[in-house]
Structures are given as C-alpha cells and as structure tokens.
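Encoded as structure tokens, the structure appears first; notes follow it.
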Amino acid sequence: MTFESSVKELEDIVRKLEAGDVELDKAMEYFKRGIELSKFCHDKLTTAEESVHMILAENGNLMKFTTKG
Amino acid sequence: MNRDLYVSVSELNKYIKAKIKNDEALMNVFIRGEISNFKDHFRGHYYFSIKDEGSKVDAVMFATKNKNLKFKPCDGMKVLVAGYVDVYEVTGSYQIYVEFMEEDGLGNLYVKFEQLKERLAKEGLFDQAHKRTIPKLPTRIGIVTAPTGAAIRDIISTIERRNPVVQTILFPTLVQGDEAAESIARQIGVAQNYDIDVIIIGRGGGSIEDLWAFNEEIVARAIYNSRIPVISAVGHEIDFTISDFVADLRAPTPTGAAEIAVVNVSDLLRNVGQINTRLIICVKNIINSHNIKLKALTNSRVLLKPMEMYALKQQKLDNLLERLWIVFSNYNDTKAKNLDSLIDKLNTLSPLNSLKRGYSFTTTVGGRLVKLIEDVKIGEQIAVQVMDGKIIATVLGWDKINKEEER
C-alpha cells in the first residue's frame, strides 16, 4: 500500500459516502476502512524514519553528509 | 543624346573597386558568422560564404593563407575571420579576402547542441512516451551534482523544509570541465543500484560553457537509460540543455527541482485531514438520518401503546355484541306479537268457542261427524256435542231442507 493509492482509496470512499445511497452496514464498513486509510496516510507523513542525508564516498560507502559548516 | 555621359561597365567596377580599396574601414574587417557553400578548389583555394540570420557575403581564402589552418572548414561551422574587402571586377561582386580564420567556440557549441538535439530527438530520446512518472511521495532521493556549491545546499534545504522525513543520497560529480560529462553519466549509472525513488541531476547557473556537460550525449544516454525517474535542474532559467529534454521533468533551478520532487508535507497533512473530516461528517450524517428514521418508527403508537390496539378491538367487539342483542331482541318481540295474533285467530276459529256460543255438532256413536241427513239412519243413536259434554239421542226422523227454498 502506497501513500498515493491510500489517498485515492480514501477519496473514493468519501465520494461514495457523500453520494448517499449506501446501505448502513456498507457505510460502516467503508467508514472503518476509511479510518484505517486515513491513519495510514497520516502515519506515512509524520512517522520519521531517521531523516538523513548521505553521500556516496569514493570508497563506495555511504557516509553522513551535511551542507552546514 | 550625349554619348559622352556614358561610362563602360568596366569603368564603373574599376571606380567602385578603387573606392572600396581606399576605404580604411574595409582594409581590416573582423566578422563573425557561419560558413556556407564551402568549396575546396582543386588549386587549394577556399571559396565560401559567411552568413548570419539576415545576410550573406562571399569570401575567399587563398591557398597561401589557408595552408596553416588547424581545422578543416565546413558548412555550418561558426567562424571568426579577419581580412579585407575588395571587388572582383569580372563579376562586379565584392568579397572578403580572408587572411585569418578561427573557429568560433561558442558558436560551434550551439551548432553541436542543435545537431545533437536533432539526432537524439530523431532517435526518440525526448519522446513523451518514454517519460517516467515522478512519484508523489518519495522517501529517498538521489542527487547527482557537485558536493560543494549552491545547488546541493539549495536542494537539501528545500527538501528539509518541505518534508523532513525524506532521505537523500548525494552522488558527487564534477559539474564542469572536460571530465564532468563522464562523471555525471557514471554517477547516474551508480545511482541505479540504490533504492531511490527519484534522481535530481543539475548544477547552479553559469555560462553556456560551464553548463556544457549537461549537453553531452553520454549524459543524455545515462538519463535515458535510468530506471529511476530523473529531474533535470541545470540552473539556467531560459536555456534548455540536452539533459532537460531527455529528463522526465525539467526544473528551472535546483531549488525548483527539490520543490517538484518533494511535496510540502504540511499541505499533504492538511489534505488528508480534510478528507478525514469529510469522512466523519459523512458517516455522522448517515447515522443521524438512520437514527431519525428509527426514532420515528419507535415513536409510532403501535409500539408505544400496544394496549390501545386491544382497546379498540374490544370496543368494536362490544359494539357488535350490542347490535347483535338489539337485532335479536327486536326479532323476538316481532315473533311474539305474531304468535299472539295467531293465537287470537286460532281462538276465533276454534269450534270450542262456537260451542260456547251455543252451537253444537253431532257425531255418530262411533265418532264420525254428521254433516248430512244421509249420514244417519232413523233409529240410530247419535251424540250431540255441546259446551259441557254430549247428549246421546236417537234419530226419530229427518226433514231435508229444500235447496231451492234455502236460497
């Protein structure tokens, strides 16, 4: 599951619900899925895997890289 | 007609030639242009034209002058020439007699650029169909540029500002000089081995020569062959490089490339938040409307006061019973009345009543009713029934009533 596909699925669900004509059971199912997706997207944006900048050194190793100082 | 006014063509050309030869400005001319109609005459002289976008002039460079040239001129080549202007009387045309000629480096770069661009375009390297999609939310970005300088600083600071969780890997390269193109191409190749969502290649602004590495075929092919989408950001807003054409996306500056590659995370968060709010409002509405329906149903009298339903039925039943009773009793009354009147009638007709009034009837002793004279014989005993019993008598005679008389 990617961020893009999740956002798209979430938007689809909201559109279906907004259009009405959804049976209550189905609506609850959509809602549950929507909340899952929304959480996934939110986590994807805020959960920081360590933010690092690396440089490929001449010896072929990745080293930390900074533009400061 | 005064013929003395007329001069010959030769005289005119000679005159013009003398004029031009004596013009100091035309004794030493330096011009910049492109070679066309180049002809290498078998005697070693070069005949050609020099042109720019709007104009053209004939030129000749004699063998004695061109033998020291370090390059072989050809059509389309941009050159800087020095010489003088003279008139060739035979054709009445003026031309430049070239003494020195050198390649116009910058001009030739343009020619090379145009030629390579045309060739690669023909080959399909710029085809829109080949463009890869730039992912919306990359987690790791490869950067192919110099490790020092404004470009890498701008890219990293822009990425950090917009999405602090994105990682970068810098593949350091030379970005100018003779080895730059090969270095860039090699690092694009190396980047293929890493788990990277998008590659930014580029450098900050500079002169056309400074940017030249990004116009080299080797770089163009490396970009084309990259499995990872490439954003080209050669810091020159106006001029396009070959890299810009081949890349999947062209950014005007390194900062612009970082902005394209990395979406502002706060925008995305806001967007997700908005969808989330819509989702919740939506479901609330759905639940609400179902609740309203449910309430309306539970509030119905049937469910609220079920006994009412019985009371109604009870009432109806009572009502029916009452009506039944009325109908029945009416019926009885009528029947009773009818019976009385029948009994009255019966009474009236009863023979006993007639006996009461003094009438009597006669039977034989055997009990047979005597209606006619002939029913009895003289001397026969008969019984006469009266109100309180019967009288036994003997028939002494009879007297028949004449029917005629009776009338």
Q) Is there side-chain contact between B/Ile287 and A/Met28, with heavy atoms separated by less than 4.5 Å? A) yes

Q: Look at atom CG of B/Asp178 and say whether more than 12 heavy atoms of other residues, nucleotides or ligands are closer to it than 6.0 Å.
A: no

(Q) Using a 6.0 Å cut-off, check whether atom CD of B/Glu182 has over 12 heavy atoms from anything other than its own residue. (A) no

Q.
Only pairs of heavy atoms separated by less than 4.5 Å count here; which of B/Thr148, B/Val265, B/Ile159, B/Leu268 has the most with chain A?
A. B/Leu268

Q. In terms of heavy-atom proximity below 4.5 Å to chain B, should A/Leu37 be classed as side chain, backbone, both, or neither?
A. neither

Q | Choice from A/Leu10, A/Leu17, A/Ile13, A/Leu56 maximising heavy atom contacts with chain B below 4.5 Å | A | A/Leu56

Q. In terms of heavy-atom proximity below 4.5 Å to chain B, should A/Leu62 be classed as side chain, backbone, both, or neither?
A. side chain

Q | Check against side chain to side chain contact (heavy atoms under 4.5 Å, CB included), A/Glu18 and B/Arg278 | A | CA-CA 8 Å; A/Glu18 281 177 342; B/Arg278 271 166 66 195; 3.0 Å; yes

Q: Determine whether more than 12 heavy atoms belonging to other residues, nucleotides or ligands lie under 6.0 Å from atom CG of A/Asn61.
A: yes

Q: Quick one: pull up NZ in A/Lys16 and SG in B/Cys282 and give me the separation to the nearest 0.5 Å.
A: 12.5 Å

**Q.** Options B/Val272, B/Ile275, B/Ile141, ranked by heavy-atom pairs under 4.5 Å with chain A, top entry
**A.** B/Ile275

Q) Is it the backbone or the side chain of B/Ile281 that comes under 4.5 Å from a heavy atom of chain A, or both, or neither? A) neither

Q) Picking from A/Val22, A/Leu24, A/Ile35, A/Val7, which has the most non-hydrogen pairs under 4.5 angstrom with chain B? A) A/Leu24

Q) More than 12 non-hydrogen atoms from neighbouring residues, nucleotides or ligands closer than 6.0 Å to NZ on A/Lys39, yes or no? A) no

Q: Show the numbers, then the answer: is there a side chain to side chain contact (heavy atoms under 4.5 Å, CB included) between A/Met54 and B/Leu170?
A: CA-CA 6 Å; A/Met54 312 287 270; B/Leu170 171 62; over 6 Å; no

Q. To the nearest 0.5 Å, what is the distance between OG (A/Ser38) and CD1 (B/Ile280)?
A. 7.0 Å

Q: Decide yes or no on side chain to side chain contact (heavy atoms under 4.5 Å, CB included) for B/Ile156 and A/Phe65, but give the supporting numbers first.
A: CA-CA 10 Å; B/Ile156 287 185; A/Phe65 176 73; 3.7 Å; yes

Q.
Strictly less than 4.5 Å between heavy atoms, which residues of residues 186-200 of chain B line up against chain A? Please order them by number.
A. B/Gln187, B/Val190, B/Tyr194

Q. Pick from B/Asn271, B/Asn276, B/Ile286, B/Leu269: which one has the most heavy-atom pairs with chain A under 4.5 Å?
A. B/Leu269

Q) Which answer fits A/Phe31, side chain, backbone, both or neither, if we ask what part of it has an atom under 4.5 Å from a heavy atom of chain B? A) both

